[in-house]
Amino acid sequence: MILVTGATGLSGQVIVRELAHNDVPIKALVRSARKAAAAGLDKLPGIDAIEGDMRGGDEVKAALDGVTRVLLISSGTPDMRETQCSFIDLCRRAGVQHVVKFSGAESGIGFDPARFPFTRMHEEIEDHLEGSGLAWTHLRPSQFMQVYLREAQTISRDGELRLPFAGIELAPVAIEDIAKVACRLLLEGGHASESLDMTGPEALTMNEVAERISAATGRPVRYVPISWDERRSALLASGAPADFVDALDEQLRERLRRPKSRVHLATHEVFGIRPTSFAEFARTYARAFSG
Ligand SMILES: NC(=O)c1ccc[n+]([C@@H]2O[C@H](COP(=O)([O-])OP(=O)(O)OC[C@H]3O[C@@H](n4cnc5c(N)ncnc54)[C@H](OP(=O)(O)O)[C@@H]3O)[C@@H](O)[C@H]2O)c1
C-alpha cells in the first residue's frame, strides 16, 4: 500500500492525478477533507483521502497502517523540518519500508545551506531519513515551471513578466515530469539510497521565459526587471506570508551569487521520460497566462 502526503498542494495534486491513472489503491493524507474535495481528489479513482496531520495524532497513525511506500511532501514553510522529521519517525514506528522524500535541487547547484534555510532544512530532513533505518530515495526537482503561473495575472493584464531576476538563468522543470518519476518510484520501488536531481531541458533567462509565454498565448509579453523591494511590496500586498517573502529574498540572494543554472536530465533518461520544454508547458497553460 502506498501513501502520499501533501496531496492538496501544488506538486501533490499533480502526482496524485498521475497515480490515479494506474488502477492501484492509494492513500492520500490531507489536512482538510474539504480542501481535498475542492481539489477534486475525492473524484479520482483509487484515491482514499484520509484527514490527518503529519506531525502526529491517531488519524495519521491509523493512515500508516499497512503502508509500505510513502511519498513525503509538505509545504516550504518554517516548520518543514519538524513536520517531515516527525512524520519519518511515525513511518519507522508503523513499519513503512521505503520513503521517497520530495526535496529540492538547490544543494546540487551549490546553494549555501547557511544562507538559504530551505536548502538547510531539506538537507537536515534527508539526513534524518538516511539515519532512520528506512529505505530512502531523494527526489530533488529544480524550480517548478508552475511557479510562473503566479505571475499570470500581470502577464495577461499588462503583458509583463515582472520579476527581480535580471541576469539570472533558471532551468525550471514541469511538475508533470516529476510526477511521472514519483509514480514509478512508488509503484515499482527500487532506487533506494539514490538522490535523483531533476531540472527542465533548458536554462532560460527571463527574456526567454517571456518570449515562450508570448508565443504560446499569441500576445506580446515582455520581461520587466524590477527591484527586490518592488517585488517584496507586491508579494506582501497580495497576501503572501512575511516568512515566505523572506525566504524568497534569501533565495534571490543565492541565485544572484550563482546566476547560471545547470541542466540535469539524467533522471528523465533513467526513467525514459521526455523532458517537457518551457514552450510546451506555456502552451498547456496558455489559457491561464491569457487570463
Ligand atoms: N516551488 C518550487 O519551485 C519547488 C522546487 C523544488 C522543490 N520544492 C519543494 O517542494 C515541496 C512541495 O512544494 P509545493 O509547492 O507542492 O507545496 P504546497 O503547495 O505548499 O503543498 C504542501 C502540501 O503539504 C501539506 N501539509 C503541510 N503541512 C502539513 C501537515 N502538518 N500535515 C499534513 N499535510 C501538510 C499541505 O496541506 P494543506 O493544503 O492543508 O496546506 C499541502 O497539501 C516543498 O518542500 C518545496 O520546498 C519546491
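In each ligand, atom 1 is the first atom listed, and ligand 1 is the first ligand listed. All residue numbers refer to positions in the sequence shown, counting from 1.
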Heavy-atom proximity to [atom], best of [options]:
| atom | options | value |
| --- | --- | --- |
| atom 37 (O) of ligand 1 | Thr8, Val147, Val60, Ile178 | Thr8 |
| atom 36 (C) of ligand 1 | Ala39, Ser11, Gly9, Ser75 | Ser75 |
| atom 8 (N) of ligand 1 | Phe87, Phe144, Phe118, Phe244 | Phe144 |
| atom 11 (C) of ligand 1 | Gly6, Gly76, Ser74, Ala36 | Ser74 |
| atom 38 (P) of ligand 1 | Gln84, Lys35, Arg140 | Lys35 |
| atom 35 (C) of ligand 1 | Gln13, Arg34, Met54 | Met54 |

Proximal ligand 1 atoms for [X], defined as those under 4.0 Å from one of its heavy atoms:
| X | result |
| --- | --- |
| Ser142 | 5 (C), 6 (C) |
| Met80 | 45 (O) |
| Arg55 | 31 (N) |

Look at the rings of His138 and Trp136 and say which category their plane angle falls in: under 30° parallel, 30 to 60° tilted, over 60° perpendicular.
parallel
For ligand 1, is any non-hydrogen atom under 4.0 Å from [X]'s backbone (N, CA, C, O), its side chain (CB onward), both, or neither?
| X | result |
| --- | --- |
| Thr83 | side chain |
| Ser103 | backbone |
| Ser32 | neither |

Any residue meeting salt bridge (Lys or Arg N to Asp or Glu O under 4.0 Å) with Glu202, in chain and number order, not counting sequence neighbours
Arg212
Are Tyr148 and Tyr285 close enough, and set up right, to give a ring pair (Phe, Tyr, Trp, His ring centres under 6.0 Å), and what steps lead you there?
CA-CA 10 Å; Tyr148 293 91; Tyr285 291 89; over 10 Å; no
Using the side chain to side chain contact (heavy atoms under 4.5 Å, CB included) definition, which of the options Val60, Ile73, Ile88, Leu72 pairs with Met54?
Leu72
Pair listing, side-chain hydrogen bond (donor to acceptor under 3.5 Å, both in side chains) test, anchored in residues 69-88, at least two apart:
Ser74-Gln84, Thr77-Asp79, Arg81-Glu124, Gln84-Lys101
Thr137 side chain vs His191 backbone, donor-acceptor pair below 3.5 Å:
yes
